[in-house]
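Basis for what follows: all heavy atoms, side chains included, without hydrogens, waters or symmetry-related copies. Numbers here are sequence positions counted from 1.
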Amino acid sequence: AEPGPNTTDLVIEFLEERLKGDPDDFLSAGKLGNTYLQQARENGLVNSHTNAERWLRAAALPGRAIDHPRIEESARLAEAQMRFLLASDLADGGRPQDARVEYEEALALVPDFAEARNNLGTALRNLGDLDGAEREYKRAIETRPGLAPAHFNGGAPLEQRSLLPDAEASYRETVRLEPAYPGAQN
């Protein structure tokens with residue numbers, strides 16, 4: 001006997017049906033996108049990645065009318081998080097230019113989103129923009145001084161420019177903040 005559908009497949013089926021009834025249900029679109037993203041990460045399915053991107057973009061469409069300030073704030077934070085997840089997946093998929101755009105969108109919504117700044121720095125570094133990368137790492141550290149990945153990543157453009165004492169100081173700060181940080185001890 002063939003195995004039945006797993007929980008992820010059932011969630012996807014349920015959310016897709018819900019969206020057929022209400023295509024503007026951005027919360028369900030976001031959940032569906034995140035479910036596809038999880039499926040893509042677990043199984044490496046290309047079509048899951050494509051579906052995740054589609055639904056996360058649909059959930060993050062601008063211009064949704066929300067009247068209550070707390071709900072609007074929550075929606076803004078949720079949209080920033082969805083864009084961050086999409087950007088991270090795009091970056092992992094070797095699409096740094098697309099990731100850059102999504103990180104910038106997340107930061108337009110939540111300017112003090114330190115993790116997004118850090119990852120934007122990495123996308124910029126991967127695109128060859130060392131000045132932009134260094135700027136974003138510094139801004140991430142200004143926002144959250146204890147963010148070890150920003151200190152570690154901030155050392156890379158300095159090292160690439162042969163500013164070794166500055167790079168070393170950045171790596172030392174990483175180890176001080178998080179002694180077991182991968183790669184910081186080298």
Side-chain angles (χ1 to χ4, degrees), residues 8 11-12 15-16 18-19 22-66 71-144 146-157 160 182:
T8 302
V11 169
I12 288 171
L15 291 170
E16 284 179 342
R18 179 180 254 180
L19 285 161
D22 182 5
D24 292 329
D25 180 356
F26 74 96
L27 292 175
S28 291
K31 289 176 187 174
L32 182 56
N34 284 323
T35 304
Y36 272 123
L37 187 60
Q38 177 184 347
Q39 187 180 60
R41 287 181 174 156
E42 288 173 358
N43 303 322
L45 301 174
V46 173
N47 65 331
S48 293
H49 175 270
T50 303
N51 286 327
E53 185 175 348
R54 172 182 163 219
W55 287 111
L56 287 172
R57 283 188 192 281
L61 287 175
R64 300 197 183 274
I66 301 170
I71 294 173
E72 188 172 314
E73 173 72 7
S74 295
R76 190 174 55 76
L77 293 172
E79 182 177 341
Q81 182 66 25
M82 283 186 274
R83 288 190 178 276
F84 175 81
L85 291 171
L86 175 57
S88 298
D89 199 48
L90 290 167
D92 290 346
R95 296 170 55 188
Q97 180 61 35
D98 294 330
R100 180 192 64 81
V101 170
E102 293 300 329
Y103 286 129
E104 288 172 345
E105 290 290 333
L107 288 163
L109 294 161
V110 182
D112 61 349
F113 193 166
E115 291 82 358
R117 286 230 178 265
N118 175 57
N119 289 12
L120 174 58
T122 300
L124 292 171
R125 189 178 80 223
N126 290 338
L127 292 167
D129 181 359
L130 296 181
D131 291 334
E134 188 175 350
R135 179 185 63 248
E136 294 305 328
Y137 294 137
K138 284 180 181 178
R139 290 180 74 187
I141 292 166
E142 288 168 3
T143 302
R144 245 183 83 203
L147 186 61
H151 288 278
F152 181 76
N153 291 333
Q160 286 177 283

* When rounded to the nearest 0.5 angstrom, what is the spacing between CG in Asn119 and CG in Leu90? -> 12.0 Å

* **Rounded distance (nearest 0.5 Å) linking atom CZ of Arg95 with atom CG of Leu86** => 8.0 Å

* Asked: Quick one: are Arg117 and Glu142 in side-chain contact, heavy atoms under 4.5 Å?
  -> no

* Structure fact -> What one should report as the nearest heavy-atom pair of Pro96 and Ala123 is O-CB, 3.9 Å

* Report yes if some heavy atom in the side chain of Thr122 is under 4.5 Å from a heavy atom in the side chain of Leu120; otherwise report no. => no

* Structure fact -> Tightest non-hydrogen contact, residues Ala80 and Leu109, listed as N-CD1, 3.7 Å

* Structure fact -> When rounded to the nearest 0.5 Å, the distance separating CZ of Arg144 from CD of Glu115 is 4.5 Å

* Structure fact -> Sequence neighbours excluded, the answer for salt bridge (Lys or Arg N to Asp or Glu O under 4.0 Å) partners of Glu105 is none

* To do: Output the distance between atom CD (Glu134) and atom CG (Leu124), rounded to the nearest 0.5 Å.
  => 12.0 Å

* Would you please name every residue forming a ring-ring contact (aromatic ring centres under 6.0 Å, His included) with Tyr137, sequence neighbours left out? => none

* Quick one: does Glu136's side chain get under 4.5 Å of Asn118's, heavy atoms only? -> no

* Structure fact -> Residue set satisfying ring-ring contact (aromatic ring centres under 6.0 Å, His included) with Phe84, at least two apart, ordered chain then number -> Tyr103, Phe113

